[in-house]
Structure formats: C-alpha cells, structure tokens
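Only heavy atoms go into these numbers, but all of them, side chains included; no hydrogens, no water, no symmetry mates.
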Amino acid sequence: MLKLAPSILAADFKNLGQQVVETANAGAQYIHLDVMDGAFVPSISFGMPVIASLRSCTDRMFDVHMMVEEPGRYISDIKAAGADLICVHAEACRHLDRTVNQIKEAGLKAAVALNPATPLSVLDCILPELDMVLIMTVNPGFGGQKFIPYTLEKVRALRDVTERRGLDIDIEVDGGVTCDNVRELIEAGANVFVAGSAVFKGDAAANTRKFLEIFEEYKR
C-alpha cells in the first residue's frame with residue numbers, strides 16, 4: 001500500500017495543529033515528525049512536548065524520525081508522547097540491534113534510516129527485525145533540499161533484497177519528494193513517501209490530494 005507521510009518540519013508552526021488535521025482529513029496516512037538534536041544533524045527542531053500536543057489532533061500513524069545521537073535514550077519518552085513508529089539512524093546508534101529491540105519491546109514499529117552515502121549492507125543482519133527502512137534521498141538536517149538522483153538505485157536495490165529474502169518491509173523515502181518524481185520512486189519500490197515542502201507550501205490539503213491521486217494510478 002502506498003502511503004503519504006507529510007513532514008511537519010515544513011508546516012506553518014503558527015497553525016501546526018490545523019495543518020496536521022488538514023493533511024489527515026485529506027487522506028494522508030502518516031504524520032512524519034523530525035526530531036533533531038543539533039549534534040547528529042546541525043539543526044534543532046522539536047521534541048516530546050510538540051509530539052504530545054499534536055497527538056490529540058489525529059489518530060494517524062505518528063512516524064517519528066529520530067535524527068539524534070544514541071536515540072535509545074529517548075524511546076520511552078517518545079512512546080509516551082504518542083509515537084506509533086520510531087525510526088533511528090544506523091549512523092547514530094553505537095549498538096543498533098539493542099536500539100531496535102528497545103523500540104520493539106516498547107510495542108512500537110521499528111525503522112532504521114540510512115543516509116545517502118551509507119551502504120545497504122549495514123542492514124544485512126538487522127533487516128528481518130525491521131518494519132520499515134528509510135532511505136534518505138537528501139542529507140539529513142534541513143528541509144527543502146533537492147533529491148539526490150543516485151538514491152533511486154539504492155531504493156531499487158533495497159526492494160530487490162527484501163523480495164529475495166522474502167521480507168515484508170516498508171521502504172520509506174525522505175527528501176526532495178514531489179509529485180514530479182514520486183512515480184519514479186514508486187516504480188523503484190518505495191511505498192511510504194515523506195513530503196514536506198511539496199505538501200505544506202501552498203494548500204496542504206490540495207497538495208495531499210495530488211499525491212493520493214497519483215497513488216490511485218497504481219491501484220488500477
């Protein structure tokens with residue numbers, strides 16, 4: 001199933017709750033929440049209080065993307081704030097297996113993100129434990145970046161690996177995703193699409209529906 005995950009990092013924070021509701025009501029299946037610590041990535045975004053305050057706005061899947069060093073320290077707090085899925089970066093975890101197991105033991109879906117230049121082989125051992133892999137299609141830390149073309153082949157290679165190993169794993173892409181390139185990403189094997197500026201620049205509900213109309217093409 002193809003799923004849209006609007007990234008609130010690109011939303012108007014004066015009207016954050018309203019914009020979350022608009023995208024959810026327009027049909028977005030996930031809400032993507034980027035937590036940044038100023039260490040793993042240069043930017044600082046938001047944390048548990050913002051996630052918790054938005055939880056009452058919608059029952060959509062809260063997809064929390066932890067761009068922080070040693071995210072295992074925060075799993076219980078992120079769960080308490082309302083996360084349904086926690087995605088951690090392989091590059092940020094000293095003991096990736098332990099961190100993934102912390103997420104699973106908390107009763108949440110577990111995902112691992114890979115930066116553009118990080119090889120898929122990092123996931124060879126842990127892949128069967130995951131619900132989702134996030135392929136970063138830009139370098140993490142800032143919204144509004146341009147899609148990195150070689151990451152398309154990385155998505156294709158990951159889908160080949162999951163099919164060969166018989167694994168039912170979502171493949172999410174994040175960075176520079178637009179209505180102009182989403183078809184290529186679908187055809188490469190991605191099925192969860194993080195979109196920030198492409199959703200929240202302009203009419204968020206209308207932009208959400210444009211993505212979903214494209215998704216409908218692949219159900220026929």
Side-chain angles (χ1 to χ4, degrees), residues 1-35 43 45-46 50-51 54-55 57-65 67 83-85 87 109 111 113 116 131-156 158-159 169-220:
M1 182 178 177
L2 303 178
K3 304 164 190 172
L4 182 66
S7 172
I8 68 165
L9 197 64
D12 177 359
F13 272 58
K14 296 191 303 296
N15 302 297
L16 187 53
Q18 177 185 336
Q19 291 208 313
V20 166
V21 170
E22 286 174 4
T23 57
N25 288 348
Q29 297 93 336
Y30 287 9
I31 301 296
H32 190 82
L33 302 114
D34 290 307
V35 178
S43 299
S45 59
F46 52 79
V50 171
I51 297 170
L54 292 174
R55 184 67 278 186
C57 294
T58 178
D59 61 359
R60 299 297 185 181
M61 174 81 73
F62 268 23
D63 168 16
V64 179
H65 180 189
M67 286 179 268
D84 298 295
L85 179 154
C87 181
K109 290 193 173 188
D131 297 291
M132 185 173 80
V133 174
L134 167 55
I135 300 295
M136 292 299 301
T137 47
V138 300
N139 289 293
F142 300 98
Q145 298 183 64
K146 289 185 179 179
F147 180 86
I148 297 173
Y150 71 75
T151 59
L152 189 65
E153 292 306 315
K154 195 172 177 183
V155 172
R156 188 171 287 114
L158 177 58
R159 182 53 73 194
I169 295 175
D170 286 330
I171 297 177
E172 184 174 52
V173 286
D174 181 0
V177 176
T178 69
C179 287
D180 293 328
N181 63 20
V182 73
R183 289 180 179 86
E184 285 184 289
L185 288 161
I186 293 169
E187 289 160 11
N191 70 300
V192 183
F193 305 89
V194 178
S197 301
V199 168
F200 289 108
K201 186 175 181 181
D203 186 328
N207 291 335
T208 296
R209 288 191 289 269
K210 287 177 186 175
F211 274 101
L212 298 179
E213 287 167 7
I214 294 171
F215 294 174
E216 283 295 321
E217 295 173 15
Y218 291 86
K219 292 182 180 179
R220 296 167 189 162

Chemist: For the side chain of D34 and the backbone of M67, is there at least one donor-acceptor N/O pair under 3.5 Å apart?
Modeler: no
Chemist: I'd like to know if K3 pairs up with D170 as an ion pair, taking the criterion as any Lys NZ or Arg NE/NH1/NH2 lying under 4.0 Å from an Asp or Glu carboxylate oxygen.
Modeler: yes
Chemist: Please check this pair: side chain of N181 against backbone of G176, looking for a donor-acceptor N/O pair closer than 3.5 Å.
Modeler: yes
Chemist: To the nearest 0.5 Å, what is the distance between CD1 (I8) and CD1 (I51)?
Modeler: 7.5 Å
Chemist: CD1 of I31 to CE of M61: how many Å apart, nearest 0.5 Å?
Modeler: 11.5 Å
Chemist: Please confirm whether the backbone N or O of D12 pairs with a side-chain atom of Q19, one donor and one acceptor, at under 3.5 Å?
Modeler: yes
Chemist: If the condition is ring-ring contact (aromatic ring centres under 6.0 Å, His included), which residues does H65 pass it with, not counting sequence neighbours?
Modeler: H32, H89
Chemist: Just do the salt bridge (charged side-chain N to carboxylate O under 4.0 Å, His left out) check on R156 and E153 with the steps written out, would you?
Modeler: CA-CA 5 Å; R156 188 171 287 114; E153 292 306 315; 2.5 Å; yes
Chemist: In Å and rounded to the nearest 0.5 Å, what is the CG to CD1 distance from D180 to I214?
Modeler: 8.0 Å
Chemist: Short question: side chain of T23, backbone of A205 - any donor-acceptor pair under 3.5 Å?
Modeler: no
Chemist: Is the shortest distance from a Lys or Arg side-chain nitrogen in K219 or E216 to a carboxylate oxygen in the other one below 4.0 Å?
Modeler: yes
Chemist: How long is the gap from CD1 on I135 to CG on L185, to the nearest 0.5 Å?
Modeler: 11.0 Å
